Number of protein chains: 2
Amino acid sequence: MTNRKDNDFLNGVPELLILRLLARQPMYGYELVQTIRLTSDDVLAFGEGCIYPILHRLESEGCLASRREEVAGRNRVVYRLTQAGRKRLETATARWEGITAAVGRLLGGGSDGSPFMA
Amino acid sequence: MTNRKDNDFLNGVPELLILRLLARQPMYGYELVQTIRLTSDDVLAFGEGCIYPILHRLESEGCLASRREEVAGRNRVVYRLTQAGRKRLETATARWEGITAAVGRLLGGGSDGSPFMA
DNA sequence: ACGAGATACCTCGCAGCGAGAGGTATGCGG
DNA sequence: CCGCATACCTCTCGCTGCGAGGTATCTCGT
């Protein structure tokens, strides 16, 4: 109401996290959503409408493989990382680290002025 | 070619960096663009079409104050942070740190499984 | 027995933001 | 004198995450 958005502020991050979590162990969509929300203490709270499309896209790109599982009459689609997915995770991680490092440099940057027209 | 985009991957970050740089010292738009690009070794390279609108918006929101400067026949609009801007910088910084911390936790997270359905 | 809520999957449309192209003007170096 | 760097600006496009909406089953409290 007061503010248009409350938590936004990211980009490509959902994909990175999905990749990373699936590298650790196979999981299903709903579990990923909860895990991200719980582990981050609600700082990161991607809706299912954000996660599922990414899952489908990553699978169609060969980064994930899925397998249906029947647990207590409930249908789960469990995803695991493929080799291509592992590769994708590496580049995504590197990118993220590069960005946070750069932002950190700008943020923490000493009292010295800008390198432009020094 | 291969990939549609080469460097995207952020959100709200430009605003944060502008705020932070202006907290250090007053600067003009073009200088901000160059400083961010140079300091980050081209990792972060926001175009002018990204920076100027943010500058205008932040000023209209009272976070920045501008002053025209005539240097060698060249017109510069120098911005400085207001008190409100300082406040905004604080919350934006806190937000960014919260997010990177959360992502780091997810990324580095030990071998222990998800806290969901432990 | 029944309804609410959690589990589990899915899709669609909106809105915000950054990217990039395009546009103006001046000063300086080759 | 042409082009590049400086310096400002605006507009449109496309991507992506958000929220709302939709289905179905199982469980727990009442």
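Just so you know, these numbers come straight off a predicted model, no measurement behind them. The sequence lines fix the lettering, A, B, ..., with proteins before strands; numbering per chain opens at 1. What's counted below: heavy atoms across the whole structure, side chains too, no hydrogens, waters or symmetry copies.
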Checklist entry - Reckon B:His56 has a side-chain N or O less than 4.0 Å from the OP1 or OP2 of D:dC8? => result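 For D:dC8, OP1/OP2 do not have a side-chain N/O of B:His56 under 4.0 Å.
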Checklist entry - Can a side chain N or O of A:Tyr28 be found less than 4.0 Å away from OP1 or OP2 on C:dC9? => result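 For C:dC9, neither OP1 nor OP2 has a side-chain N or O of A:Tyr28 closer than 4.0 Å.
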Checklist entry - Less than 4.0 Å between a side-chain N and a carboxylate O, is that true for A:Arg67 and A:Glu69? => result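 Between A:Arg67 and A:Glu69 there is a salt bridge, with a charged N closer than 4.0 Å to a carboxylate O.
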Checklist entry - Using 4.0 Å as the upper bound for N to carboxylate O, is an ion pair formed by B:Arg88 and B:Glu61? => result yes
Item to check | Closest listed nucleotide, where the reference is the side chain of B:Arg74 and the choices are D:dC18, D:dC8, C:dT26 | outcome: C:dT26
Checklist entry - Of all the choices, C:dT7, D:dG17, D:dC9, which nucleotide is nearest to the side chain of A:Tyr30 once you look at every atom? => result C:dT7
Without decimals, in angstroms, what is the distance between [X] [atom1] and [N] [atom2]?
X       : N      : atom1 : atom2 : answer
B:Leu44 : C:dG18 : CG    : P     : 11 Å
A:Phe46 : C:dC9  : CZ    : P     : 18 Å
A:Asn75 : D:dT23 : CG    : C1'   : 13 Å
B:Leu17 : C:dC17 : CG    : P     : 15 Å
A:Met27 : C:dT7  : CE    : C1'   : 15 Å
B:Glu31 : D:dT6  : CD    : C1'   : 12 Å
B:Leu38 : D:dA5  : CG    : P     : 13 Å
A:Tyr79 : C:dC9  : OH    : P     : 8 Å

Rounded to the nearest 0.5 Å, what's the gap from [atom1] on [X] to [atom2] on [Y]? Could you check?
X        : Y       : atom1 : atom2 : value
B:Tyr52  : B:Tyr30 : OH    : OH    : 8.0 Å
B:Tyr28  : B:Asn75 : OH    : CG    : 12.0 Å
A:Leu106 : B:Thr39 : CG    : OG1   : 5.0 Å
A:Ile54  : A:Ile18 : CD1   : CD1   : 4.5 Å
B:Arg95  : B:Leu16 : CZ    : CG    : 11.0 Å

Checklist outcome for this item: Sorted by number, residues from residues 65-72 of chain B placing a heavy atom under 4.0 Å from DNA chain C are B:Ala72
Next on the checklist: If you take any heavy atom closer than 4.0 Å to DNA chain D, which residues from residues 47-54 of chain A end up in contact?
Outcome noted: A:Gly49, A:Cys50, A:Ile54
Checklist entry - Can you find a heavy atom in the side chain of B:Asp42 that is under 4.5 Å from one in the side chain of B:Arg37? => result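 They are in contact (side-chain heavy atoms under 4.5 Å apart), so the answer is yes.
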Next on the checklist: List the residues meeting side chain to side chain donor-acceptor pair (under 3.5 Å) with A:Arg57, not counting sequence neighbours, and say none if there are none.
Outcome noted: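 Applying side chain to side chain donor-acceptor pair (under 3.5 Å) to A:Arg57 gives A:Glu15.
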